[in-house]
Structures are given as C-alpha cells and as structure tokens.
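Source: prediction; values computed, not measured. These numbers come from the heavy atoms of this one structure, side chains and all, not from hydrogens, waters or symmetry mates.
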Amino acid sequence: MKKILILLAIVVTFGSCDNGFEEINVNPTKPTQLDPSTKLTYIQLYTAGSSYASYLFWNVIHLMQNVQHLNETNYGTIFLYQTNNTHWLFEEQFKTTVKNIADLEAQLETSEKPTAAVDLAIARVQKVLIFSRITDVYGDIPYSEAGKGFLEGIRFPKYDKQSDIYADMLATLESSAATLSSGGASSYGSADLFYGGDVVKWKKFANSLMLRLAMRMVKVDNAGAQAWASKAISGGVMTSNGDIAYIKYENSANDGGPNVNPLTKCFTSRGVNQNKISKTFMDFMKDRNDPRVSVLCSTTDGDTDSALQFGQDINDATQSSANSKPNVNIFGGALNDGSRIIIYDAPFFYQTYAEVEYMLAEAAERWGLAGGDVEAHYNAGVKAAMEYLSLYGHGVEITPTQISDYLAANPFVPTQALRMINEQYWVATFGNANETFANWKRSGYPVLVPANAANVYTGGEIPRRLNYPGSEKLNNPDNVEEAISRQGGDLLTTRMWWDVE
C-alpha cells in the first residue's frame with residue numbers, strides 16, 4: 001500500500017511542475033496515466049485525512065468536543081469554540097482527494113474499457129462521500145469547478161451554493177446506483193479498500209448515502225427530503241453489518257498517515273490524561289446501563305469494567321487519571337505506567353448499517369416510509385450499533401443477551417421517537433465526528449449544554465460549522481467572499497443552507 005502512495009505522490013508532484021517537461025522525455029510505449037485502481041486506493045486512504053495531525057485538530061479537538069464525545073484537556077482552553085486550526089479538513093481534502101477524484105472521473109469518462117461505466121459509478125459515489133463531508137462542515141464550498149486546476153486550468157474555483165451541491169450529489173447517487181444495478185463488473189478488485197469491487201455493496205452504499213443526504217434536508221425542504229428518502233429506500237439500502245462502508249488500515253507505527261487509522265493515531269500519540277470521555281457522553285450511556293461503556297471506554301490503566309468508568313465535565317481541563325479515556329484496548333493510547341498501546345490498524349467507519357436503520361426509523365416516523373414500523377427499525381439500529389463494534393477486534397463482543405436486556409430496560413417510546421432515534425445515532429457514530437456533528441445540527445439531539453467557553457467566543461452557542469481557511473481568503477478572495485456574503489457570515493455559528501432552526 002505504501003508503494004502505491006509513494007508512486008502516486010511522485011506522479012502528482014511532477015504533474016504539478018509541467019513547464020514544458022511534458023514535451024520531452026516521453027516514452028510513447030508507456031502509459032501516461034496511472035491505472036484507475038491505483039488512484040482509487042489513494043483517494044480512499046486520504047478520504048479520512050492525510051495525516052493524524054490534521055485529523056487531531058479538525059475532528060478530535062473541534063468536532064468531537066463540539067458534540068461532547070470527548071474532553072481534550074490539553075487543548076480545550078486553546079481551541080474549544082475558537083477559530084484556531086479550523087482549516088485542516090478543507091485544505092487537506094482539496095489538495096489530495098478532491099483533485100485526484102476529479103482526475104479519476106475525467107479518466108474514466110473517456111475510457112473505452114468494458115468496466116469503465118461501473119468503475120466510474122463507484123468513483124462518483126466516493127466523490128459524493130468526499131464532498132458531503134466537506135460541505136457539511138463548511139457550507140458553500142468549491143464543487144463544480146473544484147480539482148480542475150490541471151485538467152481545465154481553473155485555479156480559482158467558484159464556491160457553489162450548498163443547495164446546488166446537494167442537488168448534484170443526490171442526482172449523482174441516483175445515476176450511479178442505476179449503473180451499479182445494471183449487472184456490470186468493476187475492475188478495482190482488492191484495490192477498492194471499501195468493498196473489494198463488490199458492485200452490489202456499492203449500490204447499497206450509494207442508496208444509503210442518498211438517504212443520509214435526504215435526511216439532512218428535512219428542515220429546509222421536507223418534501224424534497226421525503227422524495228429522495230423514498231428513492232433511496234426503494235433502490236435498496238444497507239441491510240446488515242456486512243454492508244458497512246469502512247476501511248481497515250495498516251499497523252505501521254512510523255506512518256503519520258494515511259496508511260494508519262487517523263483516529264487511533266490521534267489517541268495513541270497523546271498523553272495519558274489528554275483524551276477524556278466527556279461526562280455528557282458517559283452519563284448518557286451509564287444511566288441506561290449501556291454495554292458499550294466497556295467497549296468504548298477504559299480507565300487510564302486499561303480496565304474496561306463499567307463500574308470504574310467516569311466522564312469528565314466539558315469545562316474541566318484537569319489532567320488526572322480520575323476519569324476515563326477512549327478504550328486503549330481498541331483505540332490505543334498511553335497508560336499510567338508509562339507504556340503505550342499501539343493500535344493503528346483499527347477500522348474507520350464512514351457509514352454503518354446502524355445509522356441506516358435509525359434513518360429508516362425516522363423516515364417511518366416522519367412519512368410512514370420503510371414499512372412504517374418505527375420501533376422495529378429503532379430496535380434493529382440499536383442491535384446493529386452494538387454488534388458492529390466487534391469489527392474492532394481485540395475480543396470485543398456485545399452478546400445477544402446484553403442487547404436484549406438493554407432494549408428491555410430502555411424500551412422505545414413512540415411519543416419520544418425523534419429524540420430517541422437521534423440520541424442513539426449520536427452514540428453509534430462515536431469516532432466519525434463529521435457525521436455526529438452534522439446529525440446533531442440537523443436533528444437537535446441530544447440537547448447539549450454549551451461549554452462555558454461559548455460565553456466568551458460564540459455568544460453562548462455551540463459552533464454550527466468551521467470557518468473558511470485564511471489561505472482561501474488570501475488566494476481565492478473574490479469567490480470566498482461571495483460565499484461568505486451569501487451565507488451571511490463566516491462565523492463558527494453561521495448556519496448553512498440545510499441547518500435551519
């Protein structure tokens with residue numbers, strides 16, 4: 001895998017220095033393009049992030065604290081609800097995945113290989129995943145002209161309206177799912193780190209992403225949300241944990257990314273008392289006797305006994321061993337005795353079957369879709385959310401008895417459907433803060449109390465987005481300023497198109 005990345009990095013580097021060199025030293029017997037499978041591997045590895053340092057700032061320090069999964073004791077007073085280091089996701093994605101997915105798409109559009117249509121459909125689903133993660137954090141972003149500096153000479157791409165981006169992403173998923181249903185084959189094979197070229201699973205992922213985007217729109221365009229949710233469900237979404245969209249990394253201790261899991265690299269590299277489970281998150285689980293406490297949390301000695309787990313208040317920056325951290329046995333991390341558990345090959349989840357079941361439950365509640373049985377989909381979501389954690393390995397298993405006991409002790413309450421569904425969604429997406437943050441904004445659940453820092457930096461509110469990078473304001477000022485004016489500002493509390501009250 002590393003050899004692939006090194007090769008592509010060399011090609012990309014020299015591809016950007018094209019002052020006449022393309023006219024000399026060209027061997028006409030050699031291909032001028034990398035194989036699409038090589039490009040897809042690169043793109044998939046970089047979709048989570050190019051390095052753990054980048055991921056640490058935008059995901060762990062900002063988003064995971066915003067949704068109160070974590071308390072970052074070492075950085076809270078410096079970054080919490082502040083604009084420091086909010087640029088990482090934007091800058092790294094546009095210089096890596098965005099420009100390379102644009103290149104892959106252009107290559108496949110002109111390919112005459114019999115697998116080109118299916119390969120292109122898969123690439124376009126990956127493209128929607130990439131752009132949806134960016135726009136859901138920033139709002140209006142470069143989209144239609146993004147990544148086309150080399151291809152079309154567009155050095156200063158316009159910022160598209162988020163409403164237009166969503167319309168195109170949904171249409172792209174619809175057309176891609178149709179292609180993936182046509183019975184063709186993919187050439188990607190094992191180079192596809194998500195599904196190994198399994199076209200049926202990609203079709204389910206396309207429709208599941210469609211359902212995700214549809215649910216984002218419930219407050220801004222309820223009719224459109226219902227229509228797209230209906231299309232997604234009819235097209236066929238994930239039906240088991242075997243359909244989960246995730247990637248498994250290498251256990252390479254000297255790799256800062258992207259060959260290693262960026263989340264576990266963050267947890268492993270920090271001090272023993274730096275990453276703490278927030279009291280909000282811990283109390284929610286412990287109040288319900290949730291067996292996931294012993295999976296997601298551990299003491300600083302690595303003990304996972306639920307009775308020993310305690311969360312740390314979001315306003316408390318104390319660094320001590322008193323409170324729990326993300327479970328070092330599956331996420332890695334420093335221990336009290338000075339040792340460190342290294343886990344870099346953990347899976348990273350982009351969309352799970354549990355999330356899909358929760359969305360089906362909400363679609364049933366709102367519109368009577370998905371058979372209309374809200375409780376059945378809710379219970380299926382809880383079951384899937386607990387069972388998929390076994391993919392972390394290291395002996396993790398929540399038993400059927402534990403799951404049934406949990407559901408019996410915490411029965412679904414129809415009058416509280418939306419709250420219960422989205423509170424469970426919040427727990428189920430631990431580690432994938434892009435999704436947790438977006439769904440919290442969309443649904444309003446769980447109801448979170450802002451940290452005290454909000455009174456100083458954000459007018460008493462939890463941030464609703466990250467602000468645009470200073471590099472964009474310097475290098476692409478006209479387009480970014482137009483977007484800022486259109487959105488009504490560039491504050492952490494500025495609401496994007498679908499995030500309406």
Side-chain angles (χ1 to χ4, degrees), residues 63-71 136 211-212 215-216 218-219 229 277-297 306 309-314 324 326 349 351-366 370 373-389 398 402-451 461-464 498-499 501:
L63 300 189
M64 290 190 78
Q65 287 201 108
N66 285 352
V67 298
Q68 296 183 24
H69 277 169
L70 291 182
N71 178 340
D136 285 345
L211 181 59
R212 174 189 281 180
M215 299 309 293
R216 292 278 198 270
V218 292
K219 291 182 178 178
I277 297 292
S278 85
K279 188 175 187 299
T280 307
F281 190 57
M282 182 70 78
D283 287 355
F284 180 88
M285 291 191 291
K286 291 196 74 173
D287 287 349
R288 293 158 178 79
N289 198 26
D290 194 324
R292 285 171 290 190
V293 170
S294 295
V295 175
L296 299 176
C297 315
S306 180
Q309 310 308 318
F310 301 95
Q312 186 151 330
D313 190 280
I314 194 69
S324 302
F349 301 98
Q351 189 176 35
T352 65
Y353 165 56
E355 295 169 46
V356 172
E357 282 290 356
Y358 291 136
M359 289 187 288
L360 292 174
E362 183 165 346
E365 170 67 18
R366 288 183 179 276
D373 194 336
V374 184
E375 183 173 359
H377 287 298
Y378 173 85
N379 289 341
V382 172
K383 181 174 182 287
M386 293 189 181
E387 289 180 339
Y388 93 85
L389 295 174
I398 296 178
Q402 287 177 300
I403 296 171
S404 61
D405 286 350
Y406 178 85
L407 289 170
N410 303 278
F412 178 73
V413 181
T415 57
Q416 299 295 317
L418 294 181
R419 176 184 64 79
M420 293 186 70
I421 291 165
N422 287 291
E423 284 177 344
Q424 289 292 337
Y425 201 104
W426 175 65
V427 178
T429 52
F430 180 86
N432 183 13
N434 282 74
E435 186 55 26
T436 316
F437 186 52
N439 196 68
W440 168 75
K441 290 187 296 180
R442 177 196 71 83
S443 70
Y445 295 110
V447 177
L448 300 175
V449 177
E461 298 181 46
I462 296 173
R464 314 286 304 183
W498 57 255
D499 181 21
E501 297 187 60

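Using a 4.0 Å cut-off between a side-chain N of Lys or Arg and a carboxylate O of Asp or Glu, Arg464 and Asp499 qualify as a salt bridge. Using a 4.0 Å cut-off between a side-chain N of Lys or Arg and a carboxylate O of Asp or Glu, Asp290 and Arg292 qualify as a salt bridge.
A donor-acceptor pair under 3.5 Å is absent between the side-chain atoms of His69 and the main chain of Ala433, judged by distance alone. Using a distance-only test at 3.5 Å, with no hydrogens or angles considered, a donor-acceptor pair links the side chain of Lys286 to the main chain of Ser306. Judged purely by atom type and a 3.5 angstrom limit, Asn71 uses its side chain to pair as donor or acceptor with the backbone of Asp313.
Taking every heavy atom of both residues into account, Met64 and Gly431 meet most closely at CE-N, 3.9 Å. Closest heavy-atom contact between Tyr353 and Ala380: OH-CB, 4.4 Å. Of all the heavy atoms in Ala354 and Gly381, the pair that sits closest is CB-O, 3.6 Å. Taking each heavy atom of Ala370 and His377 in turn, the nearest pair found is O-NE2, 2.8 Å. Taking every heavy atom of both residues into account, Ala364 and Asp373 meet most closely at CB-N, 4.2 Å. Residues Ile398 and Gln402 approach most closely at CA-OE1, 3.4 Å, considering heavy atoms.
Of the inter-residue distances, the one linking Asn379 atom CG with Phe412 atom CZ reads 8.0 Å to the nearest 0.5 angstrom. Taken from CD1 in Ile277 to CG in Leu70, the straight-line distance is 5.5 Å, to the nearest 0.5 Å. Interatomic distance, Phe310 CZ to Met282 CE, rounded to the nearest 0.5 Å: 8.5 Å. Atom CD of Glu357 sits about 10.0 Å away from atom NZ of Lys383, to the nearest 0.5 Å. Taking CE of Met215 as the start and OH of Tyr358 as the end, the distance is 14.5 Å to the nearest 0.5 Å. Between the CD atom in Glu387 and the CD1 atom in Ile403 there is a gap of 4.5 Å [rounded to 0.5 Å].
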Full working for side chain to side chain donor-acceptor pair (under 3.5 Å) between Asn434 and Asp136: CA-CA 8 Å; Asn434 282 74; Asp136 285 345; over 6 Å; no
Pair Leu448-Thr280, side chain to side chain contact (heavy atoms under 4.5 Å, CB included): steps then yes or no: CA-CA 8 Å; Leu448 300 175; Thr280 307; 3.9 Å; yes
Stepwise side chain to side chain contact (heavy atoms under 4.5 Å, CB included) test for Tyr445 and Asn439: CA-CA 8 Å; Tyr445 295 110; Asn439 196 68; over 6 Å; no
Chi angles and distances behind the side chain to side chain contact (heavy atoms under 4.5 Å, CB included) call for Glu435, Arg212: CA-CA 10 Å; Glu435 186 55 26; Arg212 174 189 281 180; 3.1 Å; yes
Worked check of side chain to side chain contact (heavy atoms under 4.5 Å, CB included) between Asn410 and Met420: CA-CA 10 Å; Asn410 303 278; Met420 293 186 70; 5.8 Å; no
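Contact annotation: the side chain of Leu360 approaches that of Leu211 to within less than 4.5 Å [non-hydrogen atoms, C-beta and beyond]. Side-chain contact check for Tyr425 versus Glu355: some heavy-atom pair is nearer than 4.5 Å. Residues Val413 and Arg419 form no side-chain contact, since every pair of their non-hydrogen atoms from C-beta on lies 4.5 Å or further apart. For the pair Tyr406/Met386, a side-chain contact is recorded, criterion being any heavy-atom separation below 4.5 Å from C-beta on. With a 4.5 Å cut-off on side-chain heavy atoms, Glu423 and Gln416 do not count as touching. Between Gln68 and Pro446 there is no side-chain heavy-atom pair separated by less than 4.5 Å.
By the 30° and 60° cut-offs, the orientation of the rings of Phe430 relative to Phe281 is parallel. Using cut-offs of 30° and 60° on the angle between ring planes, the pair Phe284 and Trp426 is perpendicular.
The environment of NZ in Lys441 is crowded: more than 12 heavy-atom neighbours from other residues, nucleotides or ligands sit within 6.0 Å. At most 12 non-hydrogen atoms from other residues, nucleotides or ligands lie less than 6.0 angstrom from CG of Asn289.
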